[in-house]
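Notes follow once the structure below has been shown.
Chain naming here is simple, since letters A, B, ... match the order of the sequence lines and numbering starts at 1 in each.
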Amino acid sequence: MSAEATDVPSVSLEIDDIQSGALRPRPSPYVGKFFVLRVDDRRDGRAMLRRLLPAVDGGLAGADPDHDAWASVAVTHQGLRALGVPRDSLDSFPLPFRQGMAARAELIGDVGESDPARWEPPFGTSDVHLVVSALSPDAARLEKALERVRTAYQETSGVEVIWQQDIRQLPTGRTTLGFRDGISHPGIEGSGVLGTNPQEAPLKAGEFILGYPDETGNLPPMPQPDVLGRNGTYLAVRKIHTKVAAWRQYLTKNTSSPEEEALLAAKMIGRWPSGAPLTLSPDHDDAELGNDPRRNNDFLYRENDDRGFRCPAGAHIRRVNPRDADIIGAARLHHIIRRGTTYGPPLPEGVLEDDGADRGLIGVFIGAHLDRQFEFIKSEWVNDGNFIGYSGEKDPVAGHHDGTGSVTIPQRPIRRRLQDMPSFVVTRGGEYCFLPGLRALRWLSELDT
Amino acid sequence: MAAMGGATQSAQPERPGRTDGVAGEFTVFCRIKPGHADELREVLDELMDAMGTGDRAALRQIGTLHDARHVIFDNDTQLLFASVFDGSWDTYIDDFATTVVGERFDRVFSHTEGFPGVKDPNVKEWFVAQQEPALVFVSSYPDLTVKQIWKDQRVNEAFQAVLDSSEFQAALENPANKELLASPAFQKLLDQAAG
Ligand code: HEM
């Protein structure tokens, strides 16, 4: 299977009606901002949407450099209700979205420290109505995009900003745990968005956008009326705190040299800090490989790394995208688009003590099927290991450990088994959102209920 | 672990029901006595609760049961008992009759029509009369009996504990063990130790 070889009868996507926040890869470097808004008055809410519409971008990159910054607006189920969407329509959305992320906590592993009862307000409450985000390659263009957004909500009395979060790429280009992110991205048939792995055929558009056939050959479940659902998708938005000091302490405690430390961390992630994948560079980091977009995602597992002696089956990237590895089920049905962005100050290099600062990522996981994509990945792939033959083991980085679990790292002569795993990440909040197409946004803004 | 051929042999006459490797399926449909469905439901709830609190002693006693289910259906008129046993379900029925398992069978099936009691000499014929053999029955581990699975689990747990011990690590590095390590049998074991 090669991306070029797939001579697919192209489905024509109404790409310009799809919000840029869905398909458009994020720039690097980037700066941005997330807002959560509460709508107290439906008419004011719609008026605000009408003012916001011109600031919301559709489609992929265009000629106008001003639009290298883009804003997106997503709506929660509570938000649809607050905007006055009729009951029939509200009920036509799939269950996970209707229930909201907090209600799904047990299933997706938000337990213990990550329990919604401990989330940062307003997450987990009925006040989260709209999630507006803006992303840009630099501060100046971000400011322009934000100005357009602010004008929309500041002029409206019945709408209030109740949470905001600045995000930006760290100067190192790495996330708070020290690894490069945003490398692997699926290809989407008919969209012009190329996958980063030339060995994998693009996925059907219906995996990511409502109104088009998905990998099963069916249309994704369609909320009603059609104009509301078409060209929309779902987002799982999460604020994930990273315990950087605990991560570094764990690595130090379980190794006896800087080389061993680097290798152990890489075995847990599946890539080296530069982004070079273990499957292509098993013994040491290779910055040239990590920085080369043509090579750094050009690999599968079965042929050269079946047993996981290079990249363990339990490593983060091999769990959340097993590619062609021998697993239970069909990996192609469980892909997501990710937009991971960093918040908070980095913990300076070499510091092992926690400084109390809040740092981590705002993760946005995008797909047309919350249940068989985001939720499946969390419950089957991140927080269990039966699919790879390690029943009960969890993702070493993204898993919600309680200090008791183990993680197996294949090696000769005998496998290494990490014991009593602590958690390195804590969910601070999150919500399921619907990201409507542009026509659907207009429909919402013109409701007359 | 090699399958022990004995598991498929039975001193009993051939019984209906499909087999796949060492295991066979046993499915019966019984008429519930009129008005007994709620009582039966209570009995089944109690059995289930006992499982929930970790009381698997009865299953240990049986030692040949892979899984079993009781389902009330058809407007509370019928009971389905579907199960998978090593060998044939009836080989040990006399033995079970004397244990807590027999008592449980009595409590469940006494709510169905015509059940003679698990200690009755005709109980097997009664079960066969209620049985509907499956048309398809397949197992993912046709070579393994329940006993072997338990054994394999114990061996693996012990093996993993050895791998975690520093003594084993040292033994691997000890030149005195070179010959053992190089032997094909041990290489096979090490292949399992690697991940
Ligand atoms: C909790 C903290 C997390 C951290 C620190 C983290 C970090 C990373 C890093 C460093 C990569 C490698 C870069 C790349 O391949 O693009 C990656 C890849 C990925 N992550 Fe995460 N991640 C986290 C959580 C999650 C969660 C919760 C999911 C899914 C529900 C997820 C899904 C993915 C996927 C799908 C990939 C791409 C894998 C591939 O295609 O090979 N991540 N992550």
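Across all their heavy atoms, B:G195 and A:Y390 have their closest contact at C-OH, 3.5 Å. Heavy atoms only, all atoms of each residue included: B:L172 and A:I414 are closest at CD1-CG2, 4.1 Å.
Counting only heavy atoms from C-beta outward, the side chains of A:R417 and B:D164 approach each other to under 4.5 Å.
Ranking B:L181, B:L190, B:D191 against chain A, the residue ahead of the rest is B:D191, based on heavy-atom pairs under 4.5 Å.
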Step by step, would you call A:R415 with B:Q192 a side-chain hydrogen bond (donor to acceptor under 3.5 Å, both in side chains)? CA-CA 9 Å; A:R415 91 283 180 276; B:Q192 293 307 316; over 6 Å; no
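Summarising the local packing, CD of A:E106 is surrounded by 12 or fewer heavy atoms from other residues, nucleotides or ligands at distances under 6.0 Å. Within 6.0 Å of the CD atom in B:E39, the count of heavy atoms belonging to other residues, nucleotides or ligands exceeds 12. Counting non-hydrogen atoms of other residues, nucleotides and ligands closer than 6.0 Å to CD of B:E125 gives a total above 12. The 12-atom threshold is exceeded at CG of B:D45, counting heavy atoms of other residues, nucleotides or ligands nearer than 6.0 Å.
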